[in-house]
Amino acid sequence: MLIEIDEGRCIGCGACVADCVGSNLLVEDGLAHVKGRCIMCGHCVAICPTEAVSIPSYDMADVEPSAPASETLDAAVLLRAIKSRRSVRDYRPRPVAPEALATVLEAGRYTATAKNAQGCRFVVVQDALDELKALVWDGIDGLLALPPADKPRWAKVYKPFSRGRRADAGEDFLFRNAPAVVFIGCDRADDAGLAAQNMELVAASLGLGVLYNGYLCRAAEELPAVKAFLEAQDKPLQLCMLLGYPSRSYPRTAPRLPGDFVVK
């Protein structure tokens, strides 16, 4: 069974029934019961006032009390944090601490997904970054060396990047000097985007900076050797983030165009 109800704890309040998106629960004889259908969203676990509901296939030790209202982020502070984010293109020569990486990944794991698919795979490359760089650049340079008729159209955009790197080994447009790279593989691009945004906000709270790198993501998706290295053959790579400690700080937020808002 997907969901279990502890009859010794259940008080038949019906909170889980009212909140179940799949109408999978009912109260009968003073106790909650499971009908059968379930997307395992966990709302029943979260809303139960007596901790009577569990999902055995999940790690229930991972469940903790929700943040009280007194700990809720101030909206103005959160908006200011969002406005303060920058795309970081230069990083300190310092690896990302394992505990910081774990916290960033938890933010991605807990992000909402369509139909509660929870289908994102998060691939972090830090210790093996040199190996990844070699695979990416060898793959790109190999394709660029092909006759024009055999050269994939997508590869042609990387020609100036490769030329610049050959002229100056430190000029790596794809990897910059970031100490870590994070790929998100999943079937839906919106799931990856939502996860990445939460991850970036948590990264910023830890003093880390991010650059979304579409060029590197496309190369990794198209090069079989890179896909295999990332263990992502069964999932399309939707998003790539460079991650590290920024080498510079920004004392002010940057301006933006007026918002294109429609409110009715």
(request) Verify whether one side chain among Q118 and N116 offers a donor that lies under 3.5 Å from an acceptor in the other. (result)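 Yes.
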(request) For the residue pair D172 and N177, confirm or rule out a side-chain donor-acceptor distance under 3.5 Å. (result)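 Note: D172 and N177 side chains miss the donor-acceptor criterion.
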(message) Can a donor-acceptor pair be found, under 3.5 Å and without considering hydrogens, that links the side chain of D19 to the backbone of I47?
(response)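 Not at all, since once roles are kept as given, no pair shorter than 3.5 Å links the two residues.
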(request) Determine yes or no for a side-chain-to-main-chain donor-acceptor pair under 3.5 angstrom, with R165 supplying the side chain and E171 the backbone. (result)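 Side chain of R165 to backbone of E171, a donor-acceptor pair under 3.5 Å: no, none is there.
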(request) Could you check I5 against I3 for side-chain contact (heavy atoms from CB on, under 4.5 Å), going step by step and ending with a plain yes or no? (result) CA-CA 7 Å; I5 310 290; I3 300 170; 4.3 Å; yes
(request) Using the ring of Y245 (Phe, Tyr or Trp, six-membered ring only), decide whether R94 places NZ or CZ under 6.0 Å from its centre and within 45 degrees of its axis. (result)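 Geometry flag: set, cation within 6.0 Å and 45°.
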(request) Please say whether the positively charged group of R248, taken as NZ for Lys or CZ for Arg, lies over the ring of Y250, i.e. under 6.0 angstrom from the six-membered ring centre and within 45 degrees of the axis. (result)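 Relative to the ring axis of Y250, which defines the angle, R248 lies outside at least one limit.
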(message) Tell me whether Y215 shares a hydrophobic cluster with L237, the cluster being built from Ile, Leu, Val, Met, Phe, Trp, Tyr side chains joined at under 4.5 Å.
(response)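 Cluster IDs for Y215 and L237 match.
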Any ion pair linking [Y] and [X] (charged N to carboxylate O, less than 4.0 Å)?
X    : Y    : result
E221 : R218 : no
K235 : D187 : no
D138 : K133 : no

Heavy-atom distance under 4.5 Å between the side chains of [X] and [Y], does that happen here?
X    : Y    : result
E231 : V123 : no
M199 : I184 : yes
K227 : F183 : no
V181 : M241 : no
L243 : L208 : yes
Y158 : V136 : no

(request) Check the pair N198 / T111 against side-chain hydrogen bond (donor to acceptor under 3.5 Å, both in side chains), numbers first and verdict last. (result) CA-CA 7 Å; N198 278 353; T111 301; 3.0 Å; yes
(message) Using the salt bridge (charged side-chain N to carboxylate O under 4.0 Å, His left out) criterion, which residues pair with R166? Sequence neighbours excluded.
(response)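 With neighbours one apart ignored, the set is empty.
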